[in-house]
Structure formats: C-alpha cells, structure tokens
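Data first, discussion second: the structure below is written as structure tokens.
Just so you know, these numbers come straight off a predicted model, no measurement behind them. Along the sequence shown, residues carry numbers from 1. Just so it is clear, the values below take in all heavy atoms, side chains as well, and ignore hydrogens, waters and symmetry mates.
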Amino acid sequence: MAGCRGSLCCCCRWCCCCGERETRTPEELTILGETQEEEDEILPRKDYESLDYDRCINDPYLEVLETMDNKKGRRYEAVKWMVVFAIGVCTGLVGLFVDFFVRLFTQLKFGVVQTSVEECSQKGCLALSLLELLGFNLTFVFLASLLVLIEPVAAGSGIPEVKCYLNGVKVPGIVRLRTLLCKVLGVLFSVAGGLFVEKEGPMIHSGSVVGAGLPQFQSISLRKIQFNFPYFRSDRDKRDFVSAGAAAGVAAAFGAPIGGTLFSLEEGSSFWNQGLTWKVLFCSMSATFTLNFFRSGIQFGSWGSFQLPGLLNFGEFKCSDSDKKCHLWTAMDLGFFVVMGVIGGLLGATFNCLNKRLAKYRMRNVHPKPKLVRVLESLLVSLVTTVVVFVASMVLGECRQMSSSSQIGNDSFQLQVTEDVNSSIKTFFCPNDTYNDMATLFFNPQESAILQLFHQDAPSLWPCSSFSISCLHVGLTAFLFQVAFLCLLCCVELLLDV
C-alpha cells in the first residue's frame with residue numbers, strides 16, 4: 001500500500017486504486033453522524049483529559065487538615081479574595097484593550113474611506129474608494145485567519161470549550177496564554193475587518209484564560225515566567241477561578257455583574273458552593289468597575305463619571321425635561337413587547353437552524369481542505385461582504401433629516417450620546433442637514449450603528465407606541481443582517497466547492 005497526499009492508494013500489478021483520506025476530526029464526524037466505530041463516538045478525541053474536581057478524603061489529607069490552624073486558613077482565604085479581584089481587573093483591561101484598538105482601527109479605516117468617497121463622488125472614481133475599503137478589510141481578516149491557524153482552539157466564541165472545562169473535561173490548549181493572545185488579536189482584527197461578528201462573546205473565553213493562568217503565576221507558553229507561589233495548585237481551585245473569569249467576561253461585555261454571576265452559575269459550571277458565589281460576584285464587579293472607569297475616562301474625558309459600564313451600550317432612553325406628556329412606554333406597549341418576544345424567539349430558532357446546517361456543510365466540504373483554502377474562504381467572505389455593504393450604502397441609502405441636540409434636554413450624558421450619534425452620521429450623496437441612513441449603519445462601528453437605530457430620531461419626540469415599534473424594527477434589522485450574512489456564506493461555500 002502506497003500513500004499519496006490527500007488519499008490512500010492500493011496498488012497491484014495491473015492498476016492502482018486511490019481513495020480520499022479522511023481529514024476531518026473525530027468531533028466533526030460525531031456531529032455529522034458519520035462515526036464508524038462506537039469507540040469514536042464515545043471518545044472523539046484521545047488527547048482529552050478529565051479534571052479531578054473531587055476531594056480525596058484519606059488519612060494523610062485529614063492529618064494535613066488537623067495541622068492547619070485558623071491563621072493559615074484565613075491567610076489562604078484572603079489570598080483567594082485578592083486573586084479574584086486581580087482576575088476581574090485584568091479581564092476588564094483585556095476588554096478595554098480590545099475596545100480601544102477596534103475603535104482606533106475602524107476610525108482610521110472609515111476616515112480614509114469617507115474622505116475618498118467625498119472626493120470621488122464628484123470626480124467619478126468610487127471604484128478607488130471601494131478598493132481602499134477592500135484593502136483595509138482583507139488585511140484585517142487575513143491577519144485574523146493567520147492567528148486561528150496558529151492556535152485553532154482560539155476560533156469561535158470559546159464558550160462550549162469553557163463549559164467543557166468547568167464540567168471536568170480538559171480540552172488541550174483551551175486556557176493557554178497563546179490562546180488568549182490569538183483570541184484577543186483575532187477578535188480585534190475580525191471586528192475591525194468589517195465582518196458581522198462582535199467582541200462580547202469571546203470575552204467569556206478571554207476571562208476564563210485569565211482566571212486559569214493568573215493564580216498560577218507561571219506560563220507554559222512563556223517558561224521564564226515562574227514564581228514560587230504555593231497556593232491554588234489543584235484542579236478544584238483552578239476551576240473556581242475559571243468560573244470567576246467567565247463571569248467577569250460576561251460582566252465586562254454587558255456591564256452586568258449579577259448577570260455574569262448567574263451565567264457562570266446556571267450555564268457554566270456544575271460544581272458550585274455558596275462561598276464561591278460571593279467571590280464570583282466580587283470578581284464580576286471588579287471587571288465592570290475597571291472597564292467602566294477607563295472607558296468613561298478615555299471616551300468622555302471625565303474620569304470617575306462611570307457612564308459606560310460594558311462593551312455594548314445602547315445609550316439612555318429619556319424624555320425631555322420640557323415635555324411633561326412624554327412617556328417612554330405605556331400599558332398598550334406591553335402587547336407589542338410580547339409580540340416582539342415571540343417574533344424574536346421564532347427568528348432566533350430560524351437563525352440557529354440555518355447556522356447549524358451551514359456549520360455541517362462547512363465540516364463536510366471546507367474543513368477537510370488545506371489550510372490555504374480556509375484562509376481564502378475567510379477572504380472571500382470579507383470580499384463579498386465589503387462589496388455588498390458598499391453597494392448597498394451607495395444605492396439603497398435614503399437621505400433622512402438629522403435630529404437636533406437642543407431638543408433632548410439638559411442632561412449632560414444624554415447630550416453626549418446625541419452628540420456621538422450626530423458625529424457618526426455619514427452624508428454620502430445627501431444635501432445639508434440630512435444623512436445617508438444605510439451608509440451611517442455600515443460605515444460605523446457596530447455599537448455606533450445600534451445607537452443610530454435607537455437615538456437618531458429623538459426618543460423624547462416619539463409617540464408613546466413608537467418606542468416598541470422602533471425596538472421591533474431594530475430587532476428585525478439585526479436579524480436580516482445576520483440572515484444576509486449567512487446567505488453570503490452559503491454562496492461563498494458553493495463557490496469554493498465548485
């Protein structure tokens with residue numbers, strides 16, 4: 001039997017018969033239902049390990065507990081609280097790093113492209129503007145693809161792998177420092193590259209890596225970083241810190257410390273105790289405080305104002321002080337909210353179904369291909385997305401009237417939000433005092449686009465029932481964007497298959 005690249009060949013005197021070599025991983029075969037042996041379905045990966053979360057109660061362990069006095073126990077507990085605080089602060093700083101450079105790269109990209117569009121709209125050279133936008137997006141996406149090739153476990157959100165770790169399954173490389181670096185930089189370049197992805201989901205994985213590595217005071221990736229730290233060497237302690245890191249990631253992403261604690265308690269770990277609850281909540285509060293403090297100071301120049309609790313911020317919905325008849329919602333809107341919830345659930349189920357089918361299709365047809373093809377796939381997705389976004393902004397955009405900040409009221413934060421909304425508008429091909437709605441959504445960071453959907457028409461001037469209608473419009477718009485992105489992916493996969 002002779003082997004050739006990508007195939008297995010059986011040769012005899014008269015002929016050679018070659019078949020395709022199976023290059024898909026056992027997990028992918030299990031998901032696709034194509035496992036041939038029962039052992040492969042039970043143990044899809046031979047390098048997975050189980051983590052020892054149970055305490056082994058024996059005579060030597062009881063002797064150690066007897067010799068441990070209360071002073072050592074209190075010291076151990078105090079060190080654990082300090083480490084939990086450090087995990088929250090570091091997770092908040094990771095979120096700050098990602099947010100700062102995403103804003104920096106997107107402002108650089110859209111600043112250059114906007115100047116080019118304004119000049120070329122009169123000279124008739126819009127193709128040059130499109131090439132500049134393609135250059136930025138393809139470069140960023142290419143760098144993100146290379147990082148995934150360096151550390152494949154950094155792909156995706158990382159939440160399923162973190163859940164595996166918290167429930168006793170050690171996925172190789174899931175909490176390594178190299179994984180954290182590739183994850184953070186990959187998210188940064190993916191978002192800056194214009195893909196329809198966000199930075200909130202991977203924050204859970206990033207926080208978990210921080211929680212796993214920081215208490216160890218050593219690194220496998222950087223072997224020179226080693227300190228003689230005698231605490232927290234068991235799998236049980238490491239699991240508790242990973243739970244705190246995952247909760248801190250959720251808290252930093254959405255500005256919700258209690259939500260992060262509940263996520264780690266209900267969705268993440270199966271091993272929990274009452275003492276861990278307070279430590280995880282304290283860690284989540286530390287992450288939210290750190291991110292809020294630095295983001296508010298950097299973005300608004302007002303240190304200590306605490307106006308941006310999370311990476312995702314929808315702004316503040318508030319009526320004008322001069323309008324006494326304004327109400328953000330009434331009892332009639334409750335019916336709209338129920339309808340929105342039902343429609344949101346149906347759209348979410350539809351999206352998950354489409355995403356599952358597309359993921360299985362990619363496992364069958366893209367993952368077995370060489371790494372170069374997978375990089376070309378990401379570049380092709382970026383190419384198609386950029387062209388569609390650019391053409392839609394130029395062709396489908398409508399000119400709408402700008403809102404005036406003088407109509408909002410005297411609240412400083414509300415005025416700041418309105419100024420941010422008006423400063424991010426794009427006036428492509430529109431006269432004075434109007435803006436291009438489609439270009440404003442696509443040629444801004446995604447958080448700014450959401451603020452535009454909510455705040456461009458001043459909430460204080462809306463009728464009572466229009467708030468719920470606007471929320472429904474925002475949800476449908478976001479869903480249509482995601483479905484369109486899935487359709488683009490399907491077209492790309494078909495082109496690669498051909």
Side-chain angles (χ1 to χ4, degrees), residues 24-32 40-53 87 90-91 94-95 98 144-145 147-188 190 197-216 219-221 235-253 260 263-272 280 283 287 352 355-356 358-360 362-363 367 374:
R24 288 172 293 188
T25 62
E27 307 103 300
E28 295 171 351
L29 293 175
T30 302
I31 294 173
L32 296 173
D40 292 335
E41 188 171 358
I42 298 175
L43 299 173
R45 284 284 295 268
K46 302 300 186 290
D47 55 349
Y48 283 6
E49 296 180 1
S50 61
L51 297 168
D52 187 11
Y53 289 158
I87 292 172
C90 291
T91 304
V94 169
V98 173
S145 302
L147 291 169
V148 172
L149 295 182
I150 294 174
E151 188 58 71
V153 77
S157 66
I159 297 176
E161 290 82 0
V162 171
K163 287 184 177 181
C164 289
Y165 189 92
L166 292 177
N167 288 278
V169 179
K170 184 179 181 180
V171 181
I174 191 63
V175 290
R176 296 275 294 273
L177 177 61
R178 187 172 67 176
T179 304
L180 175 64
L181 295 178
C182 292
K183 169 74 72 173
V184 170
L185 295 177
V187 170
L188 192 157
S190 298
V197 295
E198 257 300 345
K199 51 188 180 292
E200 284 77 19
M203 277 299 300
I204 299 174
H205 188 189
S206 301
S208 300
V209 179
V210 172
L214 188 62
Q216 305 302 310
S219 172
I220 298 177
S221 302
D235 291 339
R236 185 185 183 91
D237 291 330
K238 197 171 182 180
R239 176 207 69 203
D240 293 344
F241 290 124
V242 171
S243 300
V250 176
F263 172 83
S264 184
L265 169 63
E266 298 177 356
E267 300 293 333
S269 181
S270 297
F271 300 87
W272 202 265
V280 170
C283 182
N352 289 336
N355 190 39
K356 181 179 178 180
L358 179 60
K360 287 189 174 183
R362 294 183 70 252
M363 287 181 183
H367 285 194
R374 300 174 66 177

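- A donor-acceptor pair under 3.5 Å is formed between the side chain of Thr179 and the backbone N or O of Gly173.
- Counting only heavy atoms from C-beta outward, the side chains of Val175 and Phe241 never approach each other to under 4.5 Å.
- When all heavy atoms of Gly211 and Ile87 are compared, the closest pair comes out as CA-CD1, 3.7 Å.
- The minimum heavy-atom distance between Val162 and Ala246, with the atom names listed, is CG1-CB, 4.4 Å.
- Minimum interatomic distance between Pro172 and Val153 (heavy atoms only, all atoms of both residues): O-CG2, 4.3 Å.
- Expressed to the nearest 0.5 Å, how far CG of Leu149 lies from CZ of Arg374 amounts to 7.0 Å.
- The two residues Ala252 and Met203 come nearest to each other via the heavy atoms CB-CE, 4.0 Å.
- When all heavy atoms of Val197 and Ser190 are compared, the pair lying nearest together is CG2-CB, 3.9 Å.
- Listed for the Ser208 side chain is a donor-acceptor partner under 3.5 Å among the backbone atoms of Ile204.
- One N or O on the side chain of Ser264 and one on the backbone of Ser243 form a donor-acceptor pair closer than 3.5 Å.
- Looking at His205, its side chain never comes within 3.5 Å of a backbone N or O of Gly249 through a donor-acceptor pair.
- Rounded to the nearest 0.5 Å, atoms CG (Asp240) and SG (Cys283) are 11.5 Å apart.
- The backbone N or O of Gly156 lies less than 3.5 Å from a partner atom in the side chain of Lys183, making a donor-acceptor pair.
- Note that CZ of Arg176 and SG of Cys182 are 10.5 Å apart. Values are rounded to the nearest 0.5 Å.
- When every heavy atom of Leu214 is checked against every heavy atom of Cys90, the shortest pair comes out as CD2-SG, 4.0 Å.
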